[in-house]
Amino acid sequence: PDSADLDLMMNALHRLHATPPPNGLAVHGPSEETEILIGAAALSRIVAPQHDGLISLAVDRVERACAALSETPASLIHRDVHCAQFVVDARRARLLDLDTLSVGDPALDIANLAAHLEAGGADRSLDRLLESYQPSPGFDQRARVWHIASTARIGLMWLRIPQRASAGRALLERVVG
């Protein structure tokens with residue numbers, strides 16, 4: 001997406017995050033994200049056992065990063081934000097596929113979109129999205145933690161796809177630094 005489309009996407013996320021969450025939605029925080037990652041790691045170990053060490057290091061890095069998150073805001077979040085989840089026209093972006101709608105930290109949505117953009121080859125997407133989103137104090141630090149988790153999740157998913165396994169390994173290597 002070009003810069004104008006990204007700004008429209010950030011506006012759509014702002015609108016979502018400003019919407020009061022309805023009662024009864026699941027909460028998605030650091031422990032829930034870690035559980036998802038552990039499940040993805042288990043599947044990746046079955047398909048790509050040769051990467052077990054790298055998978056373990058990535059999961060450990062995410063667990064430590066998520067454990068360091070303090071109390072996170074309780075906003076309405078999409079939880080699966082990537083470019084294909086938007087319909088964009090010249091004036092507005094609209095979100096699709098709300099099956100993972102939850103209550104959680106809006107920084108997760110921004111970080112997830114950035115991780116998907118970067119996995120696709122974009123540079124410094126998180127910084128660009130944070131600039132467009134104009135977050136509150138502390139948001140960017142939380143987004144960086146969620147970005148690590150999102151990058152790891154994408155890497156684990158891609159390890160299971162033969163055509164993307166080498167890119168998945170590269171994403172996990174980025175996570176473990």
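When a residue number appears, it is its place in the shown sequence, counting from 1. This is a predicted model, so every value here is computed, not measured.
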- Picking from Ile77, Leu95, Leu8, Leu129, what satisfies side chain to side chain contact (heavy atoms under 4.5 Å, CB included) with Leu13?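 Among Ile77, Leu95, Leu8, Leu129, the one meeting side chain to side chain contact (heavy atoms under 4.5 Å, CB included) with Leu13 is Leu95.
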
- In a check of side chain to side chain contact (heavy atoms under 4.5 Å, CB included) between Ser132 and each of His14, Met10, Met9, which one passes? Met10

With sequence neighbours excluded, what pairs up with [X] under the salt bridge (charged side-chain N to carboxylate O under 4.0 Å, His left out) test?
| X | result |
| --- | --- |
| Arg15 | none |
| Arg142 | Asp105 |
| Arg160 | none |
| Glu35 | none |

Pair listing, salt bridge (Lys or Arg N to Asp or Glu O under 4.0 Å) test, anchored in [range], at least two apart:
| range | result |
| --- | --- |
| residues 145-159 | Glu33-Arg153 |
| residues 83-95 | Asp89-Arg94 |
| residues 55-68 | Asp60-Arg64 |

- Query: Between Asp97 and Arg79, is the closest basic N to carboxylate O distance under 4.0 Å?
  - Reply: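 No, Arg79 and Asp97 are not salt-bridged.
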
Does [X] use its side chain to pair, donor to acceptor, with the backbone of [Y] at less than 3.5 Å?
| X | Y | answer |
| --- | --- | --- |
| Glu32 | Gly29 | yes |
| Glu118 | Asp123 | no |
| Asp52 | Arg45 | no |

What closest approach, in Å, do [X] and [Y] show between heavy atoms, and which atom pair accounts for it?
| X | Y | value |
| --- | --- | --- |
| Ser125 | Ala114 | CB-O, 3.8 Å |
| Ala119 | Ile154 | CB-CG2, 4.1 Å |
| Val88 | Ala93 | CG2-CB, 3.9 Å |
| Ala149 | Cys66 | CB-SG, 4.5 Å |
| Pro1 | Asp5 | CB-CB, 3.9 Å |

- Item | Side-chain cluster (under 4.5 Å, hydrophobic types only) that Val87 belongs to, other residues | Leu96

- Show which residues join Leu37 in its hydrophobic cluster (side-chain heavy-atom contacts under 4.5 Å, direct or indirect), or state none.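 Members besides Leu37, by chain and number: Ile38, Leu54, Ile55, Leu57, Val59, Val62, Ile148, Leu156, Leu159, Leu172, Val175, Val176.
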
- Task: Tell me, please, which residues at least two apart from Glu173 pass side-chain hydrogen bond (donor to acceptor under 3.5 Å, both in side chains).
- Result: Arg169

- Residues in side-chain hydrogen bond (donor to acceptor under 3.5 Å, both in side chains) contact with His78, at least two apart in sequence or another chain: none

Examine [X] and [Y] and state if one hydrophobic cluster contains both, with Ile, Leu, Val, Met, Phe, Trp and Tyr joined whenever side-chain heavy atoms are less than 4.5 Å apart.
| X | Y | result |
| --- | --- | --- |
| Leu43 | Ile36 | no |
| Val81 | Leu130 | yes |
| Val103 | Ile110 | yes |
| Trp146 | Leu16 | no |

- By side chain to side chain contact (heavy atoms under 4.5 Å, CB included) - contacts of Pro22 (at least two apart): Leu25, Leu76

- Item | Plane angle bin for His82 and His116 - parallel if under 30°, tilted between 30 and 60°, otherwise perpendicular |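 Tilted.
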
- Message: Testing the 3.5 Å rule here: is there a donor-acceptor pair between the side chains of Asp80 and Thr100?
- Response: no

- Hey, would you say the Phe139 and His17 ring centroids sit under 6.0 Å apart?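 For Phe139 and His17, the ring centres are not under 6.0 Å apart.
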
Got a second to check how far [X]'s [atom1] is from [Y]'s [atom2], nearest 0.5 Å?
| X | Y | atom1 | atom2 | value |
| --- | --- | --- | --- | --- |
| Ser44 | Met157 | OG | CE | 9.5 Å |
| Glu131 | Leu126 | CD | CG | 11.5 Å |
| Ser150 | Leu108 | OG | CG | 5.5 Å |

